[in-house]
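What you see is a predicted model; the values in this text were computed from it and never measured.
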Amino acid sequence: GATETQVDTVRSNKRGLGHWPWGMWQGHDYKNPQKSFGFGRTFIAIDLKTQKVIWNHSEREFIDSRGVCMRNGRIFYFCPQKFLAGLDTATGKPAWKNSDKNLLDAIGPNNRAQHYVTGYATTTYIKCNDGHIFFAGPQRSRLVCASTKDGGLLWQKPNGNLQLVLRDDGLYTAGPSSTGAKLDYATGRELSKMPTRRACTRATGSI
């Protein structure tokens with residue numbers, strides 16, 4: 001990508017450990033893809049032993065690195081309001097690209113975030129397992145599930161400001177208010193309720 005927006009250090013006026021301000025810092029509104037943090041147009045694979053480039057793949061549109069994940073030899077990546085795509089990690093060849101209107105409308109534009117309840121604008125908003133790609137996070141207005149086979153829209157639910165933990169027995173979603181739940185992967189059906197998360201807390205999980 002290009003040179004990113006530079007962010008100034010903000011000195012705290014609080015004693016002790018200090019705190020962070022929730023104002024919109026430079027670049028955190030993600031208004032300019034050419035200067036937004038982690039936006040670029042090229043994927044490169046490098047052999048770790050030889051340090052040589054194996055392949056590279058470029059797009060005309062800017063890709064949001066907050067919307068990139070990898071599973072089973074595929075890189076899945078999102079170009080906001082343009083397309084969702086899959087890339088083969090062995091060859092760098094496109095596996096599929098989906099710009100279906102229903103899918104893009106469900107995912108929607110990026111919300112502002114940067115709020116003590118909502119969370120941070122810089123948070124990644126894609127996770128995946130073998131069959132499903134999930135969109136959720138501080139910037140998302142809906143929880144969206146797409147297929148890893150072709151990027152097709154499988155289901156969607158309101159309230160996308162969720163932190164996700166993917167387990168074999170279900171999709172765990174931690175949300176503010178009463179939106180958290182354990183969901184069925186294939187249908188999005190609620191299997192059980194989850195406790196409310198505390199404000200901008202990041203969700204983690206283990207057995």
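- In plain terms, the two heavy atoms of Thr42 and Ser58 that are nearest each other are OG1-OG, 2.8 Å.
- Under the salt bridge (charged side-chain N to carboxylate O under 4.0 Å, His left out) criterion, the residue pairs touching residues 64-86 are Asp64-Arg66, Arg71-Asp130, with sequence neighbours excluded.
- For the atom pair CG of Leu183 and CD of Glu190, the computed distance is 7.0 Å after rounding to the nearest 0.5 Å.
- The backbone N or O of Thr123 lies less than 3.5 Å from a partner atom in the side chain of Gln139, making a donor-acceptor pair.
- Leu166 and Leu191 fall into different hydrophobic clusters, where Ile, Leu, Val, Met, Phe, Trp and Tyr are joined by side-chain heavy atoms under 4.5 Å apart, directly or via other members.
- For the pair Gln156 and Cys145, the minimum side-chain heavy-atom distance is 4.5 Å or more.
- In this structure, CG in Leu162 is found 15.0 Å from OH in Tyr172, a value given to the nearest 0.5 Å.
- With 3.5 Å as the limit, one finds a donor-acceptor pair spanning the side chains of Tyr77 and Glu59.
- Under a 3.5 Å cut-off, the side chain of Ser99 and the backbone N or O of Phe83 do not form any donor-acceptor pair.
- Arg189 meets the salt bridge (Lys or Arg N to Asp or Glu O under 4.0 Å) test with no other residue; sequence neighbours excluded.
- At least one side-chain heavy atom of Thr122 sits less than 4.5 Å from a side-chain heavy atom of Tyr30.
- Residues satisfying the salt bridge (Lys or Arg N to Asp or Glu O under 4.0 Å) criterion with Lys101, sequence neighbours excluded, are Asp105.
- Of the possible donor and acceptor atoms, one in the side chain of Glu4 sits under 3.5 Å from a partner among the backbone N and O of Gly38.
- Sparse packing is recorded around CD of Gln6, with 12 or fewer heavy atoms of other residues, nucleotides or ligands lying under 6.0 Å away.
- To the nearest 0.5 angstrom, Asp88 atom CG is 10.0 Å from Lys93 atom NZ.
- Cluster annotation: Phe62 is not connected to Phe43 through the hydrophobic network of ILVMFWY side chains, with a link wherever side-chain heavy atoms come within less than 4.5 Å.
- In terms of heavy atoms, Asn98 sits closest to Asp150 at ND2-O, 3.2 Å.
- Taking Ile, Leu, Val, Met, Phe, Trp and Tyr as hydrophobic and joining them when side-chain heavy atoms fall under 4.5 Å apart, one finds Leu104 in a cluster with Phe76, Phe78, Leu84, Trp96, Leu103, Ile107, Tyr125, Ile126, Ile133, Phe135, Val144, Leu153.
- Taking the six-membered ring for Trp, Phe37 and His28 have ring centres closer than 6.0 Å.
- Leu171 contributes atom CG, which lies 9.5 Å from atom CG of Asp184 (distance to the nearest 0.5 angstrom).
- Scanning both residues, Ala113 and Tyr120, for their nearest heavy atoms gives CB-C, 4.1 Å.
- Ile44 and Phe39 end up in different hydrophobic clusters when Ile, Leu, Val, Met, Phe, Trp and Tyr side chains are linked at under 4.5 Å.
- Residues meeting the ring-ring contact (aromatic ring centres under 6.0 Å, His included) test with Phe134, sequence neighbours left out: His132, Tyr185.
- Here Ile63 contributes atom CD1 and His57 contributes atom NE2; the two are 6.5 Å apart, rounded to the nearest 0.5 Å.
- The environment of CE in Met24 is crowded: more than 12 heavy-atom neighbours from other residues, nucleotides or ligands sit within 6.0 Å.
- Taking the side chain as every heavy atom from C-beta outward, Cys69 and Lys127 never approach each other to under 4.5 Å.
- Rounding to the nearest 0.5 Å places NZ of Lys157 at 13.5 Å from CZ of Arg142.
- Residue Arg140 comes nearest to Pro109 through the heavy atom pair NH2-O, 3.3 Å, listed as atom of the first residue, atom of the second, then distance.
- Closest of all the heavy-atom pairs between Thr118 and Pro138 is CG2-O, 3.3 Å.
- Applying the ring pair (Phe, Tyr, Trp, His ring centres under 6.0 Å) test to pairs two or more places apart or on separate chains, none has a residue in residues 144-164.
- The heavy-atom pair separating Val117 from Pro176 by the smallest distance is CG1-CB, 4.2 Å.
- Open room surrounds CG on Asp168; 12 or fewer heavy atoms of other groups in view lie less than 6.0 Å from it.
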